[in-house]
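Here the structure comes first, spelled out in structure tokens, and everything after it is commentary.
Every chain is numbered from 1, with letters handed out A, B, ... down the list of sequences.
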There are 2 protein chains.
Amino acid sequence: MIPTDHCAACSVREQAVCAALSEAERSELARIGTHRTLHRGEALVDAGDDNYACATLISGALKIAAIDADGTERIVALVHPAGFVGELFAPRAHHHVTALTDSLLCLFPRMDYERAVERYPRLATALLRRSTADLAETRALIDLIGRRTSLARVAGLILIFGRGASNTPCGVAARFDLPLTRGEMAALLGLTIETVSRQIGILERRGIIKRTGTRGMEVLDVPSLEEMVD
Amino acid sequence: MIPTDHCAACSVREQAVCAALSEAERSELARIGTHRTLHRGEALVDAGDDNYACATLISGALKIAAIDADGTERIVALVHPAGFVGELFAPRAHHHVTALTDSLLCLFPRMDYERAVERYPRLATALLRRSTADLAETRALIDLIGRRTSLARVAGLILIFGRGASNTPCGVAARFDLPLTRGEMAALLGLTIETVSRQIGILERRGIIKRTGTRGMEVLDVPSLEEMVD
DNA sequence: CGACACGTTGAGTTACGTCAATACCCGTGG
DNA sequence: CCACGGGTATTGACGTAACTCAACGTGTCG
């Protein structure tokens, strides 16, 4: 159970699905929730789990992934703060959910949360909004990895991260740190580590970006990046 | 406006989102809906539309797709009967929605439908259920497309269609017609027409499937197909 | 400082795309 | 009925982008 004053001080208070609730409703919801921290690499849900939790991400980042027979990981989505994770109404989890960086979660037993959805219509609409947006984002990801050169995929991913790191909506941050390792970028784009690394090298040689250290990224020429993607 | 007795006779009455509503609520909803037929290739929504409709698919099949700068189509989802289409709460449509075969729709003005969602909580939860399921399906598609070889992708797609054509849930139909042209399969899998055609040829030469005519498909060896996919 | 994970770079190979020719299916009209 | 034509599918030859394998850097933390 989460003390109500935690909600009042919550950093994603305005963006998360619970923002749609009244004070009283949120207090009710807080009663079934707990906080939990995950360290980088730690799993929240494994594929196949039949009684897993759902959660709002408060800080950090998560990945949603499948692991196939030969152990290869395929990332199918990233979760950012204020995002919601956990498949409601599904009997078993379809994917693994793992922390990309140390993360703080507002955790709910799935069954309790489903009941809350039935009880608070505004929670249902808020989740529907978010789910609809997630769906559009996932489809955009298909679009990106569907039928493009590795260079376009890497360019697109850099734009996605740059937009995420920007404070202006839709703008691209000039400098930021990549939140993923090369291996994770490869798992997300359907490429190999080496190919990702090479394409980043090409972009740098063309003067479009500049690497600073291994994760640092400076975007010098946004229009060129955008042109590569569409 | 749809006469209420149409709903009573509707073939997807039990599966569509409106099944969650009471008789009275459904009558209300029917008042803002209309029926429409789409012929193969006809568009329901174009990407960028700012005041588009949403709909429940009664019969036929739709594709949700993006078209990039050079005119290449990338299919990001298929819609089957009882499916819901149209992004609620989004200012503009992200994708094109087009009929794959002649289709019958139960059509609603988007704004009116959004109001209905706010008014009927059970509609919101039903849409949330469907949206959550769509999200899982879309992620499974990413998983398939991200897969390494073209052979595995084609095998996976044949399994998907085979399962869809089967009457037993999760079983694979022994014979069915592919609902997509080679070009559409290619647009969905991120391959070319030629590659799709070749991989189907390989599967046939290995005795795993048998082509009958251009769309007909006979699945001889389901385990082999499944093995290729995972 | 050394260990270890992560990242880069290179050489050789393979799978897929491109281009092009041919075959098939089906509706239309001679 | 067959001939024609357009859309669709198959097949082949060839080039190239991305993968594989392998060696070598680089950053980070004890």
Open item on the list: If you count heavy atoms of other groups shown closer than 6.0 angstrom to CZ of B:R92, is the number above 12?
Closed with: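 Not buried by this count: 12 neighbours or fewer within 6.0 Å.
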
- [ ] Kindly check if the number of other-residue, nucleotide or ligand heavy atoms within 6.0 Å of CD (B:E227) is above 12?
- [x]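 Count not over threshold, so no.
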
May I have the distance from [X] (atom [atom1]) to [N] (atom [atom2]), rounded to whole angstrom?
X	N	atom1	atom2	value
B:L100	D:dT8	CG	C1'	16 Å
A:R182	D:dG27	CZ	C1'	12 Å
B:E194	D:dT8	CD	P	14 Å
A:L178	D:dG27	CG	C1'	15 Å
A:I145	D:dA18	CD1	P	14 Å
A:M185	C:dC6	CE	P	15 Å
A:D70	D:dC19	CG	P	14 Å
A:I193	D:dA22	CD1	P	16 Å

- [ ] Report yes if a side-chain nitrogen or oxygen of A:R215 is closer than 4.0 Å to either non-bridging phosphate oxygen (OP1 or OP2) of D:dG27; otherwise report no.
- [x]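 It does not, given that no N or O in the side chain of A:R215 lies less than 4.0 Å from OP1 or OP2 of D:dG27.
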
Task: Side-chain N,O (A:T195) to OP1/OP2 (D:dC19) below 4.0 Å - done: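 Affirmative; the distance criterion is met.
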
TODO: Could you tell me whether A:R74 and A:D68 have a side-chain N and a carboxylate O separated by less than 4.0 Å?
DONE: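 So A:R74 does not pair with A:D68 through a salt bridge.
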
Between [X] and [Y], is there a donor-acceptor pair closer than 3.5 Å when you use the side chain of the first and the backbone of the second?
X	Y	result
A:R148	A:D143	yes
B:T138	B:D134	yes
A:S103	A:A61	yes
A:R139	B:V76	no
A:D102	A:R40	yes
A:E218	A:T212	no
B:R182	B:T214	yes
B:Y52	B:E87	yes

Task: Nearest-0.5 Å distance that lies between atom OG1 in B:T98 and atom CD1 in B:I64 - done: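 Going from the OG1 atom of B:T98 to the CD1 atom of B:I64 covers 9.5 Å.
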
Task: End axis versus end axis in the helix from C:dC1-D:dG30 to C:dG30-D:dC1, the angle rounded to 10°, five pairs used at each terminus - done: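 About 30°, once rounded to a multiple of 10°.
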
Task: Touch class at under 4.0 angstrom, heavy-atom based, for A:R211 against every strand present - done: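 The answer is sugar-phosphate, as A:R211 gets under 4.0 Å only of primed atoms, P, OP1 or OP2.
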
Open item on the list: If you assign each of B:T214 and A:G190 to its closest nucleotide in DNA chain D, which residue comes earlier from the 5' end?
Closed with: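 Result of the comparison: B:T214.
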
- [ ] Take B:V196 and A:G213, find for each the nucleotide of DNA chain D with the closest heavy atom, and name the residue whose nucleotide sits nearer the 5' end.
- [x]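 Comparing both residues, the 5'-ward one is B:V196.
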
Show me the protein contacts with nucleotides 14-17 of chain D, counting only N or O atoms at under 3.5 Å.
none

Task: Close approaches to DNA chain D from residues 197-205 of chain A, in residue order (heavy atom, under 4.0 Å) - done: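 Hits under 4.0 Å, by residue number: A:R198.
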
